[in-house]
Protein chains: 4
Amino acid sequence: MSRTVPSSVKNPEKIRERRDQIIEAAVQLFREKGFHKTTTREIAKASGLSNGAVYEYVQSKEDILYLVCKRIHQSVEEQLRSRLSEHARGATRLKHAMEAFFGVVELMKNDILLIYQESKSLPREFLREVLRDEEEVTKVFERLLTAGNADGSLALAPESIPLMAQNIVVSGQMWAFRRWAFDGIAFEQFCSVQTEMLMQACGAVDA
Amino acid sequence: MSRTVPSSVKNPEKIRERRDQIIEAAVQLFREKGFHKTTTREIAKASGLSNGAVYEYVQSKEDILYLVCKRIHQSVEEQLRSRLSEHARGATRLKHAMEAFFGVVELMKNDILLIYQESKSLPREFLREVLRDEEEVTKVFERLLTAGNADGSLALAPESIPLMAQNIVVSGQMWAFRRWAFDGIAFEQFCSVQTEMLMQACGAVDA
Amino acid sequence: MSRTVPSSVKNPEKIRERRDQIIEAAVQLFREKGFHKTTTREIAKASGLSNGAVYEYVQSKEDILYLVCKRIHQSVEEQLRSRLSEHARGATRLKHAMEAFFGVVELMKNDILLIYQESKSLPREFLREVLRDEEEVTKVFERLLTAGNADGSLALAPESIPLMAQNIVVSGQMWAFRRWAFDGIAFEQFCSVQTEMLMQACGAVDA
Amino acid sequence: MSRTVPSSVKNPEKIRERRDQIIEAAVQLFREKGFHKTTTREIAKASGLSNGAVYEYVQSKEDILYLVCKRIHQSVEEQLRSRLSEHARGATRLKHAMEAFFGVVELMKNDILLIYQESKSLPREFLREVLRDEEEVTKVFERLLTAGNADGSLALAPESIPLMAQNIVVSGQMWAFRRWAFDGIAFEQFCSVQTEMLMQACGAVDA
DNA sequence: CATGAATGAGACTTCATTCAT
DNA sequence: CATGAATGAAGTCTCATTCAT
């Protein structure tokens with residue numbers, strides 16, 4: 001279950017409000033300079049809090065990183081969920097989901113890169129939790145793959161489902177973490193090539 | 001071209017020898033604790049040099065990281081080259097190359113993960129160079145894709161070649177950087193699923 | 001006379017009540033962790049008050065220490081007084097007083113140790129006052145010594161009376177502040193050896 | 001056995017030299033302001049070292065306190081040893097030893113007070129060691145008491161020896177830790193009263 | 001009177017880097 | 001070339017105290 005970051009402040013509303021400030025400032029700074037080169041003082045200043053105030057809402061700098069990762073995942077999941085097709089089924093639904101996910105990646109590429117680069121600095125327990133979030137996304141696709149297999153619109157060896165779900169996710173995320181390699185490529189092209197490759201790999205009867 | 005790391009020592013042999021010590025120690029430590037949590041003192045001690053000596057062969061801690069990344073890439077390329085089929089052609093050759101590359105990833109997963117996690121700490125110029133190395137690997141596959149297209153054993157839209165090369169590389173590297181997600185999967189299964197997916201995506205006439 | 005600790009609260013009853021809470025919590029904490037390692041927040045929480053409330057009844061952390069020392073002395077004096085023999089005279093009365101005092105030390109050894117270890121952290125004026133309290137105890141014995149000298153049951157050089165009073169007090173208190181050295185010794189034995197030594201030193205005609 | 005404080009510096013001579021500087025500066029400061037109110041920066045500056053240099057010879061502020069306590073005890077023991085009578089025996093020897101010890105206390109009263117007030121801030125292991133040193137002094141007197149008992153110049157119940165040794169030590173140390181109470185008393189008077197009391201308590205046949 | 005969030009100075013410690021020897 | 005002691009800036013975090021509500 002979601003690890004909780006303790007705060008010495010009681011009022012939950014305040015906590016939400018202040019942490020929002022902290023997270024927003026930290027995301028920005030971590031993106032620009034990375035976790036290690038960002039100082040807690042900078043985070044305090046950028047979030048409009050005093051040095052001490054930050055530590056009323058967080059117990060360590062690593063807590064902030066965790067909060068940031070958590071927030072990013074939350075945002076990814078929200079966006080993904082809101083884009084998921086409700087009507088389509090089977091292969092079509094999967095394809096829509098891929099496109100939805102890729103769109104989210106495009107939108108949040110900075111944040112996704114951030115997680116790729118900095119989550120390793122999390123304390124073990126926090127890292128575990130962040131990876132669990134990551135798995136959550138993968139599971140969305142596992143479910144779609146299973147469903148497609150079931151209704152015959154996909155033809156995938158059942159034991160390949162987990163790996164294929166990983167492939168889908170990574171194929172999208174690489175738009176973020178290999179950005180440097182995609183100079184000449186437009187997102188739309190990227191999206192369609194990846195989708196096609198993946199759908200084919202899933203044994204989609206139609207494209 | 002390969003950025004050079006300056007040294008105050010003249011004798012090139014000494015440089016090679018000492019840097020080898022430094023790199024070896026640093027790779028080990030970076031793998032265990034990451035770049036930031038490793039101190040230069042630790043590197044000095046682990047490499048059998050004095051604090052000062054390290055700085056005779058290197059100008060900063062980041063130089064060491066660069067050297068380490070460089071060495072890893074060098075090793076990857078060597079191994080890959082030595083495994084590349086000389087005889088096969090076209091689709092078959094590509095497939096062999098994939099398998100070769102995946103094998104290298106399996107062998108060097110710790111190091112590949114290291115690059116994924118730490119290269120962002122490199123100074124801009126060094127990072128650029130490391131990315132160039134990364135592209136080098138991708139280009140190997142670009143060439144194979146082009147050749148396969150040419151001899152008709154592959155059928156890939158020419159403009160998709162760069163992206164597909166990236167896909168090949170990332171599909172292999174994920175064995176390293178998503179290790180946590182591959183608990184139940186054996187490398188052989190991973191390898192064959194990935195290969196098949198990629199070959200299909202390249203329009204390989206046969207498997 | 002007794003330094004007064006200012007309070008922004010008027011109602012004296014409230015003051016007494018709240019300060020009791022504060023003192024009780026603080027004694028406990030100071031005993032466990034010492035003055036410096038105890039935070040005012042801890043004191044607030046342990047006393048059931050808010051951070052702010054504590055500062056309505058006290059002006060600084062050192063005030064609390066002063067209150068604590070004061071309370072301990074008060075308790076020592078009360079207990080001592082209640083144990084002092086009303087009937088006996090001269091040497092006998094002195095002896096009873098020693099035994100009474102030693103008994104109080106045994107009972108309050110933690111608190112006496114606390115004063116020994118922490119009173120140095122008091123602001124000068126407060127320290128002076130605490131030392132005055134300490135002298136009060138000594139004076140009890142000075143009076144008894146003088147009385148014993150007067151009725152001939154003791155034979156002590158008059159100029160040695162203050163020092164001998166100190167000796168009596170310290171000989172008892174060491175049961176508290178050198179506890180670590182008294183592993184094998186039972187309190188009763190300690191008490192009788194000390195008493196005998198001191199009575200002899202006072203030139204008690206009988207024991 | 002004497003706990004060792006680790007240092008990252010190899011050269012033992014340097015260690016001795018620098019630690020001497022540190023200890024000297026720290027003793028001074030601790031006496032003036034106490035352990036807690038003294039900052040490591042102040043110690044660094046007063047010892048003529050840089051902030052960082054201090055931490056090459058010591059691992060924490062508490063190490064410094066330990067070193068200080070250790071040094072004081074060492075000095076006490078040296079001085080005591082050098083003053084101990086070689087010729088006298090039995091009761092006489094004991095008396096000389098008391099006078100010697102009291103003289104040392106007078107000389108080092110500031111330092112002895114320091115130990116009384118600050119040793120409680122030591123980490124458990126260090127404290128244990130410091131108390132062991134304290135016991136060492138006590139044992140000197142235990143041996144003298146035993147010897148006096150043996151040659152008939154003292155008449156003390158054997159089971160009272162440890163406690164009496166404590167009494168001797170405390171009776172001297174109180175000159176340091178109760179200084180505030182000895183305003184009117186000259187050291188010589190103090191010394192002779194204490195000695196007489198203690199000798200009598202030891203059943204010394206002659207004075 | 002009470003609350004508890006906010007402040008901010010300042011504490012201890014680390015560590016990349018330098019330089020006299 | 002090598003050593004390793006020295007530097008000192010900078011970082012994270014704590015906590016007594018205040019003050020708006």
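Note on naming: letters A, B, ... go to the chains in the order of the sequence lines (proteins, then strands), and numbering restarts at 1 for each one. Note that this is a predicted model, so its numbers are computed, not measured.
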Sort and list the pairs that fulfil ring-ring contact (aromatic ring centres under 6.0 Å, His included) and have at least one residue in residues 41-65 of chain C, not counting sequence neighbours. none
Which distance, rounded to the nearest 0.5 Å, do you find between the CG of Leu65(C) and the NE2 of His36(C)? 9.0 Å
Can you tell me how far the CG atom of Leu29(C) sits from the OG1 atom of Thr40(C), to the nearest 0.5 Å? 11.0 Å
Run the side chain to side chain contact (heavy atoms under 4.5 Å, CB included) test on Ile22(D) and Leu49(D) for me, step by step, so that the C-alpha distance in whole Å, both residues' side-chain angles and the decisive distance to 0.1 Å come before the verdict. CA-CA 8 Å; Ile22(D) 294 172; Leu49(D) 298 181; 3.7 Å; yes
When you compare the side chain of Asp133(A) with that of Ile72(A), does any pair of heavy atoms fall below 4.5 Å?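 They are not in side-chain contact.
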With a 4.5 Å limit on heavy-atom distance, are the side chains of Trp180(A) and Glu134(B) in contact? yes
Using a strict 4.0 Å threshold on nitrogen-to-oxygen distance, state whether Lys45(B) and Glu42(B) make a salt bridge. no
Salt bridge check, Arg132(A) against Glu129(A): does any charged N sit closer than 4.0 Å to a carboxylate O? yes
Among residues 11-20 of chain C, which ones have heavy-atom contacts with DNA chain E below 4.0 Å? Asn11(C), Lys14(C), Arg18(C)
With Phe30(D), which residues qualify under ring pair (Phe, Tyr, Trp, His ring centres under 6.0 Å), at least two apart?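 So Phe30(D) forms a ring pair (Phe, Tyr, Trp, His ring centres under 6.0 Å) with Phe35(D).
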What residues, two or more places apart in sequence or in another chain, satisfy side chain to side chain contact (heavy atoms under 4.5 Å, CB included) together with Arg41(C)?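 With sequence neighbours excluded, Arg41(C) shows a side chain to side chain contact (heavy atoms under 4.5 Å, CB included) to Glu56(A), Thr39(C), Asn51(C), given in chain and number order.
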Can you list everything that forms a side chain to side chain contact (heavy atoms under 4.5 Å, CB included) with Leu127(A)? Sequence neighbours excluded, please. Ser119(A), Leu122(A), Leu131(A)
Looking only at atom C1', what distance separates dT21(F) and dC1(E), rounded to whole Å? 13 Å
Heavy atoms of chain B, cut-off under 4.0 Å: which first and last nucleotide of DNA chain F, 5' to 3', fall inside that, if you could look?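 Span of nucleotides near chain B: dC1(F) to dA6(F).
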Kindly write out the residues that satisfy side-chain hydrogen bond (donor to acceptor under 3.5 Å, both in side chains) with Lys37(C), not counting sequence neighbours, or none if the list is empty. none
Listed partners of Tyr116(C) passing side-chain hydrogen bond (donor to acceptor under 3.5 Å, both in side chains), at least two apart: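 In terms of side-chain hydrogen bond (donor to acceptor under 3.5 Å, both in side chains), with neighbours along the sequence ignored, Tyr116(C) is linked to Gln173(C).
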Any residue of residues 50-64 of chain C with a heavy atom less than 4.0 Å from an atom of DNA chain F: Tyr55(C), Ser60(C), Lys61(C)
Any residue in residues 23-41 of chain D with a heavy atom nearer than 4.0 angstrom to DNA chain F? Just list them by number, or reply none. Arg41(D)
Shortest non-hydrogen separation from Pro6(C) to Gln59(C) and the atoms involved: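 Closest approach of Pro6(C) to Gln59(C): CG-OE1, 3.6 Å.
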Which dot-bracket string fits DNA chain E when only Watson-Crick or G-U wobble pairs with both atom distances under 3.5 Å count, crossing pairs get [ ], and | stands for a partner on a different strand? .||||||||||||||||||||
What residue pairs, at least two apart or across chains, pass salt bridge (Lys or Arg N to Asp or Glu O under 4.0 Å) with a residue in residues 10-32 of chain B?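 Every salt bridge (Lys or Arg N to Asp or Glu O under 4.0 Å) pair that includes a residue of residues 10-32 of chain B, provided the two are not neighbours, is Asp20(B)-Arg71(B), Arg31(B)-Asp111(B).
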